Amino acid sequence: MYRDAVNAENEYIKEYNAGLMDCAEVQIVSSSNCCQDRFIQEEVKFLNAVIQNNYRMDEDNQLRFVSSSEDFVLFTHKRDEDEIRTAEELDAIWDAKLEELYGDESAD
């Protein structure tokens, strides 16, 4: 279960950063767990320091650095559910929450 959660988190980070970083052939995501809930709970949260490094392969088969992104991310996983949402879905959820809290600022 833990490996599945980590794989889902890494895929989410790559998708989220896809439009924010320079493209590259090799994408490496490193995640350091700062805090996590126990797995016996129905909902498990992971607070991770996440770094994604992108590299391109040169003509000598050497990796050359292209771009990097760092962030702290709070992931929430629910037992027996699909944890995976697209970055666009999460942005829409966040936008709806902000509008709920602060109203529609474009109306001013």
Side-chain angles (χ1 to χ4, degrees):
M1 183 173 150
Y2 179 78
R3 179 60 32 207
D4 290 340
V6 170
N7 289 338
E9 291 169 3
N10 289 346
E11 289 307 311
Y12 168 78
I13 292 298
K14 289 178 186 178
E15 180 184 341
Y16 181 81
N17 286 333
L20 305 174
M21 299 174 66
D22 293 331
C23 294
E25 300 142 352
V26 179
Q27 301 171 334
I28 299 173
V29 176
S30 300
S31 185
S32 178
N33 185 266
C34 302
C35 181
Q36 78 181 42
D37 291 333
R38 295 181 52 184
F39 274 103
I40 59 172
Q41 298 173 196
E42 281 299 310
E43 186 174 276
V44 180
K45 294 186 180 195
F46 295 77
L47 178 61
N48 294 349
V50 180
I51 300 171
Q52 179 180 341
N53 292 314
N54 288 352
Y55 301 88
R56 66 173 173 76
M57 188 84 67
D58 70 9
E59 58 278 351
D60 297 322
N61 285 336
Q62 298 293 312
L63 291 178
R64 300 295 177 187
F65 179 77
V66 174
S67 59
S68 181
S69 174
E70 301 176 27
D71 209 347
F72 284 93
V73 182
L74 179 63
F75 292 101
T76 302
H77 300 275
K78 292 186 180 181
R79 187 174 300 280
D80 298 327
E81 285 191 23
D82 185 5
E83 290 83 12
I84 299 172
R85 293 184 191 237
T86 66
E88 290 80 18
E89 288 173 322
L90 293 172
D91 284 341
I93 291 169
W94 180 246
D95 290 343
K97 188 65 172 174
L98 287 176
E99 187 171 328
E100 177 185 314
L101 293 172
Y102 301 108
D104 185 7
E105 291 185 10
S106 64
D108 292 339

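Remember, it's a predicted structure, so these values are computed and weren't measured experimentally.
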On a heavy-atom basis, which atom in Cys34 and which in Ala49 lie closest, and how many Å separate them? SG-N, 3.9 Å
In chain order, what residues pass the salt bridge (charged side-chain N to carboxylate O under 4.0 Å, His left out) check against Glu100, with sequence neighbours excluded? Lys97
Quick one: do Val26 and Tyr16 end up in the same hydrophobic cluster if we chain Ile, Leu, Val, Met, Phe, Trp and Tyr together by side-chain heavy atoms under 4.5 Å apart? no
With sequence neighbours excluded, tell me which residues meet side chain to side chain donor-acceptor pair (under 3.5 Å) with Ser68. Asn53
Measuring from atom OG of Ser30 to atom CG of Asn10, what distance do you get when rounded to the nearest 0.5 angstrom? 8.5 Å
Salt bridge (charged side-chain N to carboxylate O under 4.0 Å, His left out) with Glu11: which residues, sequence neighbours excluded? Lys14
In chain order, what residues pass the ring pair (Phe, Tyr, Trp, His ring centres under 6.0 Å) check against Phe75, with sequence neighbours excluded? none
Cluster membership besides Ile51, Ile/Leu/Val/Met/Phe/Trp/Tyr side chains within less than 4.5 angstrom, sorted by chain and number, is none
For the hydrophobic clusters of this structure (ILVMFWY residues joined by side-chain heavy atoms under 4.5 Å, transitively), does one cluster hold both Val29 and Tyr55? no
For residues 59-66, run the donor-acceptor check on the side chains, cut-off 3.5 Å, and write out each pair with its distance to 0.1 Å, sequence neighbours left out.
| residue | atom | partner | partner atom | Å |
| --- | --- | --- | --- | --- |
| Arg64 | NE | Asp58 | OD2 | 2.9 |
| Arg64 | NH2 | Asp58 | OD2 | 3.1 |

Asn33: what forms a side-chain contact (heavy atoms from CB on, under 4.5 Å) with it, not counting sequence neighbours? Gln36, Phe46, Asn48
Distance from Gln52 atom CD to Asn17 atom CG, nearest 0.5 Å? 4.5 Å
Under 4.5 Å side-chain linkage, directly or through intermediates, the cluster mates of Leu47: Leu74
Can you name the side chain to side chain donor-acceptor pair (under 3.5 Å) partners of Gln27, sequence neighbours left out? none
Which residues pass the side-chain contact (heavy atoms from CB on, under 4.5 Å) test with Ser67, not counting sequence neighbours? Met21, Asp22, Asn54
